[in-house]
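Residues: numbered from 1 along the sequence shown.
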Amino acid sequence: PPKQRVPPARMSFTALVVLPSLAVVGFGLMDSLSKKRPAENSMDSKTEDMFSAKFKELGKRRIMTGWKPLVPFLFMACVVLPLFLFAILPSTIIFVVLGLLSGKKKAPKPQFFDEEQGKEGKERVKEGLTKREDREFELVLYGATGFTGRLAARYAAKQYAGKGLRWAIAGRNAKKLEKVASELKSIDPKLEVKMIIADSRDSKALESMVRRTMVVATAVGPFAKYGNKLVAMCAVCGTDYVDTTGEAGWVQHIIADLHPTAKKSGARIVPFSAHDCVPWDMVVQQMAIRLQEKHGQDLKKVEIVDDTRGKLSGGTVDTIFNIIQNPLPRPRWNKNFNPWLLDMEGKKGKYKVKFNSPKLPSWSNVSNEWQGLFLMADMNAKLVQRSNVLNKYGKSISYSEGMSHDSFMRAFVITLGTILLAVSAFNPILGYFMRKFVLPKPGEGATDEEMERGYLKVTGVGTGEKGAKVYTTLGFFKDAGYMDTGRMLIECGLTLALEDKSKLKHSEGGVWTSASCMGPVLLERLVATGCTFDIHS
């Protein structure tokens, strides 16, 4: 019988589907079998940093190293990649276009003040305020019953047991607060746990709370939903404020709406005071300080790679989906520039940052390894942009940040997985599948044992305007996204409450970043309580 020929169109489509997978698999296998290239700027090529020594001492281990990613790599390359290119990506584009054509409205603008306060509420500082040093508490931890808040409360009870810290836990549920208080008493039997009941929607209860303390540290998110009235009340009551937010759109509105009020009242409002985005803010500031003091050069280029081990919680997944699916409108204010560029005089800052972070796997000379997409990179860059405006690191800085991987296989698996997470927020079919079968559910998260095994290593190379280089490594030895986020939140709050203002770079009221407000003093507290930090040039 005559041979049946395969139609050319079918052959072309098959080749189109198969060839990308074959190319990725072939390259990944060749990379794992080959020797790595030397890295001119590699931190490890310059010195054996303190992080590496403590990492080995604590018995920490990276995940998916060597040939361990082979099976997930083959699955992602041969199954997921073709599905993504020829089904998920086209359908996502269709969903996005349909959403635009349907005229879907953005989330409403954050409402910081009650309607009856009117426009004057933004400018009016509360009267009859107790002097800062005479207030009942040095720190109030709001949201102490939540996952991250409870970790922060446990850290404060253990770290500051018997040291005379005046602090309280706060939330809206008395029974849950009592349960946390009992847990804290088991850590420090002598601790007299003070509790404050305040709902995030009750302005009067929040005002009563913030009037009693020097600093409020809050872990109640999503902040665009639950954080508006609290941060506004701190601004009008002259109470310092730190939080665990990672919601850049919300923070833009804080800068635009609350900066003038905080400046009048003396309140130091410092969002992003935890894993989002303290480590990177500290590293870039130290690069700039070393270049200016030792070499007389402004910072020109920042290259950062992150080596991390951690686990997403269901709450974090919810926040990610909420940010992508319900973006806040841009602030409407009487300025013709982005709030991230606002300087302390209320003018457009001249110091800018260009984002240049890798979106696909590429080689990093900083770590002498592969690097890939890091979900927080653009948000970190925005905060560095504002710190640059306030601290004046350099007129035009190129900022690059990626996640470090010891092989192309690992870089490909985690990068494609990160892309799928982001895309699933736009694609309801993929989103349903991911949330049903892959991603953690609300209330689910890492166990204490898993968080103890976590770590974060932020390695960076800063280049000056005339070519001088600075090498830095900042290390955390627990899950930085949760367990060490609690530590960072408490230490940020206590930096504002306990440290002499004369030690801080800026101590006046306003909306700040951790680097512009607390800077090296905060870094010293983090190193004293568990971090390692290396810098040399």
Colleague: Tell me if the CD atom of Glu133 is crowded by more than 12 foreign heavy atoms within 6.0 Å.
Modeller: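 Counting neighbours around CD of Glu133, more than 12 heavy atoms of other residues, nucleotides or ligands fall under 6.0 Å, so yes.
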Colleague: Test Lys194 against Glu136 for salt bridge (charged side-chain N to carboxylate O under 4.0 Å, His left out), laying out the working first.
Modeller: CA-CA 11 Å; Lys194 301 287 187 179; Glu136 182 180 357; 5.2 Å; no
Colleague: For salt bridge (charged side-chain N to carboxylate O under 4.0 Å, His left out), just list the numbers for Glu449 and Arg453, CA-CA rounded to whole Å, side-chain angles, deciding distance to a tenth of an Å, and then say yes or no.
Modeller: CA-CA 6 Å; Glu449 292 75 17; Arg453 290 197 293 267; over 6 Å; no
Colleague: Run the side-chain contact (heavy atoms from CB on, under 4.5 Å) test on Leu523 and Leu474 for me, step by step, so that the C-alpha distance in whole Å, both residues' side-chain angles and the decisive distance to 0.1 Å come before the verdict.
Modeller: CA-CA 10 Å; Leu523 182 59; Leu474 176 60; 4.0 Å; yes
Colleague: For the pair Phe51 and Tyr455, name the ring-plane relationship: parallel under 30°, tilted 30 to 60°, perpendicular over 60°.
Modeller: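 Ring orientation of Phe51 relative to Tyr455: tilted.
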Colleague: Tell me whether the count of non-hydrogen atoms from other residues, nucleotides or ligands lying under 6.0 Å of CZ in Arg172 goes above 12.
Modeller: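 Not buried by this count: 12 neighbours or fewer within 6.0 Å.
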Colleague: Can you establish whether the number of heavy atoms outside Lys204 located under 6.0 Å from its atom NZ is more than 12?
Modeller: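 Count not over threshold, so no.
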Colleague: May I ask you to check whether over 12 heavy atoms, not counting those of Lys436, lie within 6.0 Å of atom NZ?
Modeller: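 Check fails, neighbour count at 12 or below.
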Colleague: Are Gln285 and Pro520 close enough that some pair of their side-chain heavy atoms sits under 4.5 Å apart?
Modeller: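 Result yes, sub-4.5 Å side-chain heavy-atom pair found.
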Colleague: Are the side chain of Arg386 and the backbone of Leu342 linked by a donor-acceptor contact shorter than 3.5 Å?
Modeller: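 Confirmed, Arg386 side chain pairs with Leu342 backbone.
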Colleague: Using the test ring-ring contact (aromatic ring centres under 6.0 Å, His included), find all partners of Tyr160 that sit at least two apart in sequence or belong to another chain.
Modeller: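 None.
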Colleague: Please check: side-chain N/O of Gln385 versus main-chain N/O of Trp340, any donor-acceptor pairing under 3.5 Å?
Modeller: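 No.
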Colleague: Check whether Arg135 reaches the backbone of Thr130 with its side chain - one donor and one acceptor, N or O, closer than 3.5 Å.
Modeller: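 Indeed, once roles are kept as given, a pair shorter than 3.5 Å links the two residues.
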Colleague: Rounded to the nearest 0.5 Å, what separates atom CZ in Phe137 from atom CZ in Arg212?
Modeller: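 Rounded to the nearest 0.5 Å, the CZ-CZ separation comes to 4.5 Å.
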Colleague: Give, for atom OG of Ser357 and atom CG of Asn380, the distance between the pair rounded to the nearest 0.5 Å.
Modeller: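 Reported to 0.5 Å precision, the distance equals 8.5 Å.
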Colleague: Asp240 and Arg132: salt bridge (charged side-chain N to carboxylate O under 4.0 Å, His left out), yes or no, with the steps?
Modeller: CA-CA 10 Å; Asp240 294 338; Arg132 175 185 172 83; 2.7 Å; yes
Colleague: Could you check Lys478 against Asp484 for salt bridge (charged side-chain N to carboxylate O under 4.0 Å, His left out), going step by step and ending with a plain yes or no?
Modeller: CA-CA 6 Å; Lys478 295 179 181 179; Asp484 260 355; 5.8 Å; no
Colleague: If we only count heavy atoms from C-beta on, is the Leu258 to Phe113 side-chain gap below 4.5 Å?
Modeller: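 Yes, close enough: below the 4.5 Å cut-off.
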Colleague: Is the number of heavy atoms from other residues, nucleotides or ligands within 6.0 Å of NZ (Lys158) greater than 12?
Modeller: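 Count not over threshold, so no.
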Colleague: Evaluate the criterion side-chain contact (heavy atoms from CB on, under 4.5 Å) for residue pair Met287 and Ile397; output intermediate values, then yes/no.
Modeller: CA-CA 12 Å; Met287 289 178 180; Ile397 298 174; over 6 Å; no
Colleague: Check whether any side-chain heavy atom of Ser387 sits under 4.5 Å from a side-chain heavy atom of Val284, and report yes or no.
Modeller: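 No - every pair of side-chain heavy atoms lies 4.5 Å or more apart.
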Colleague: Could you pull out the closest heavy-atom pair between Ser424 and Met434, with the gap in Å?
Modeller: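 Shortest heavy-atom separation between Ser424 and Met434 comes out as CB-CG, 3.9 Å.
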Colleague: Are Tyr155 and Leu489 close enough that some pair of their side-chain heavy atoms sits under 4.5 Å apart?
Modeller: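 Heavy-atom side-chain distance check fails, nothing below 4.5 Å.
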Colleague: Where do Ser91 and Asn427 come nearest, in terms of heavy atoms and distance?
Modeller: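 Result for this residue pair: OG-ND2, 2.9 Å.
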Colleague: Ignoring hydrogens and angles, state whether a donor on the side chain of Ser200 or Tyr142 is under 3.5 Å from an acceptor on the partner side chain.
Modeller: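 Checked: Ser200/Tyr142 side chains show no N/O donor-acceptor pair below 3.5 Å.
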Colleague: Determine whether a donor-acceptor pair (N or O, by modelled atom type, separation under 3.5 Å) exists between the side chain of Glu401 and the backbone of Ile304.
Modeller: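 Flag not set: sc Glu401 to bb Ile304 has no pair under 3.5 Å.
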Colleague: For Pro110 and Leu328, which heavy atoms make the closest approach, and how far apart are they?
Modeller: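 Closest pair (atom of Pro110, atom of Leu328, distance): CG-CD1, 4.0 Å.
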Colleague: Working to the nearest 0.5 Å, report the span between OG1 of Thr239 and CD1 of Ile269.
Modeller: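 Taking OG1 in Thr239 and CD1 in Ile269, the distance rounds to 8.0 Å.
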Colleague: Looking at Lys163 and Gln159, would you say the former's side chain and the latter's main chain have a donor-acceptor pair under 3.5 Å?
Modeller: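 Pair found, side chain donor or acceptor close to backbone of Gln159.
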Colleague: Is the closest side-chain heavy-atom distance between Val423 and Leu430 below 4.5 Å?
Modeller: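 Yes, side chains in contact.
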Colleague: Quick one: does Thr218's side chain get under 4.5 Å of Tyr226's, heavy atoms only?
Modeller: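 The answer is no, as the side chains (C-beta and beyond) never meet within the 4.5 Å cut-off.
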Colleague: Which heavy atom of Pro271 sits nearest to which heavy atom of Asp243, and what is that distance?
Modeller: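 Answer, listing the atom of Pro271 first, then Asp243: CA-OD1, 3.3 Å.
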Colleague: Compare every heavy atom of Arg211 with every heavy atom of Glu127, then report the nearest pair and how far apart it is.
Modeller: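 Nearest pair, atom of Glu127 first, then Arg211: O-NH2, 3.0 Å.
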Colleague: Would you kindly check if the NZ (Lys) or CZ (Arg) of Lys54 is within the cone defined by 45 degrees around the ring axis of Phe477 and under 6.0 Å from the six-membered ring centre?
Modeller: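 Ring-cation test returns yes.
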Colleague: How many angstroms lie between OG in Ser516 and CE in Met344, if you round to the nearest 0.5 Å?
Modeller: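 So the gap between those two atoms works out to 8.0 Å.
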Colleague: Counting N and O atoms only, with roles assigned by atom type, does the side chain of Ser265 sit under 3.5 Å from a partner on the main chain of Ala235, one being a donor and the other an acceptor?
Modeller: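 A pair under 3.5 Å: yes.
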Colleague: Walk me through it: do Met209 and Leu230 pass the test side-chain contact (heavy atoms from CB on, under 4.5 Å)?
Modeller: CA-CA 10 Å; Met209 179 181 74; Leu230 177 57; 3.7 Å; yes
Colleague: Can a side-chain donor-acceptor contact be found between Thr485 and Thr244 if the only test is distance below 3.5 angstrom?
Modeller: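 No pair is found: no donor N or O on one side chain lies under 3.5 Å from an acceptor on the other.
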Colleague: Taking Thr316's backbone N and O only, do any of them form a donor-acceptor pair with Ser313's side chain (distance below 3.5 Å, no angle check)?
Modeller: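 Here the side-chain-to-backbone pair exists.
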Colleague: Grab the two heavy atoms, one from Leu522 and one from Ser514, that are nearest each other, plus how far apart they are.
Modeller: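 In terms of heavy atoms, the two residues are closest at CD2-CB, 4.1 Å.
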Colleague: With sequence neighbours left out, what residues match Tyr399 under ring-ring contact (aromatic ring centres under 6.0 Å, His included)?
Modeller: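 In terms of ring-ring contact (aromatic ring centres under 6.0 Å, His included), with neighbours along the sequence ignored, Tyr399 is linked to no residue.
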Colleague: Run the ring pair (Phe, Tyr, Trp, His ring centres under 6.0 Å) check on His259 and Trp512 step by step: do they pass?
Modeller: CA-CA 9 Å; His259 175 72; Trp512 296 97; 7.6 Å; no
Colleague: Please confirm whether the backbone N or O of Arg201 pairs with a side-chain atom of Asp199, one donor and one acceptor, at under 3.5 Å?
Modeller: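 Flag set: sc Asp199 to bb Arg201 pair under 3.5 Å.
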Colleague: Are any side-chain N or O atoms of Asp307 and backbone N or O atoms of Met403, one a donor and one an acceptor, separated by less than 3.5 Å?
Modeller: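 No, the answer is negative, given that no donor and acceptor are paired below the 3.5 Å cut-off.
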Colleague: State, yes or no, whether a side-chain contact exists between Thr245 and Phe272 at a heavy-atom distance under 4.5 Å.
Modeller: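 Result yes, sub-4.5 Å side-chain heavy-atom pair found.
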Colleague: Between atom CG of Leu141 and atom CH2 of Trp167, what is the distance when rounded to the nearest 0.5 Å?
Modeller: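 Nearest 0.5 Å value for the CG-CH2 distance: 6.5 Å.
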Colleague: Please report the interatomic distance CD(Gln252) to CD1(Ile255), rounded to the nearest 0.5 Å.
Modeller: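 Rounded to the nearest 0.5 Å, the CD-CD1 separation comes out at 7.0 Å.
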Colleague: Is there a donor-acceptor contact under 3.5 Å from the side chain of Arg487 to the main chain of Leu526?
Modeller: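 Pair found, side chain donor or acceptor close to backbone of Leu526.
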Colleague: Is the shortest side-chain heavy-atom distance between Phe533 and Met282 below 4.5 Å?
Modeller: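 Side-chain contact under 4.5 Å: no.
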Colleague: Is it true that atom NZ of Lys60 has more than 12 heavy atoms of other residues, nucleotides or ligands lying nearer than 6.0 Å?
Modeller: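 Yes, enclosed.
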Colleague: Mind running side-chain contact (heavy atoms from CB on, under 4.5 Å) on Ile414 and Thr418 for me, showing each step along the way?
Modeller: CA-CA 6 Å; Ile414 294 181; Thr418 304; 4.1 Å; yes
Colleague: Would you say CZ of Phe355 has more than 12 non-hydrogen atoms from neighbouring residues, nucleotides or ligands within 6.0 angstrom?
Modeller: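 Yes, the 6.0 Å shell around CZ holds more than 12 heavy atoms from other groups.
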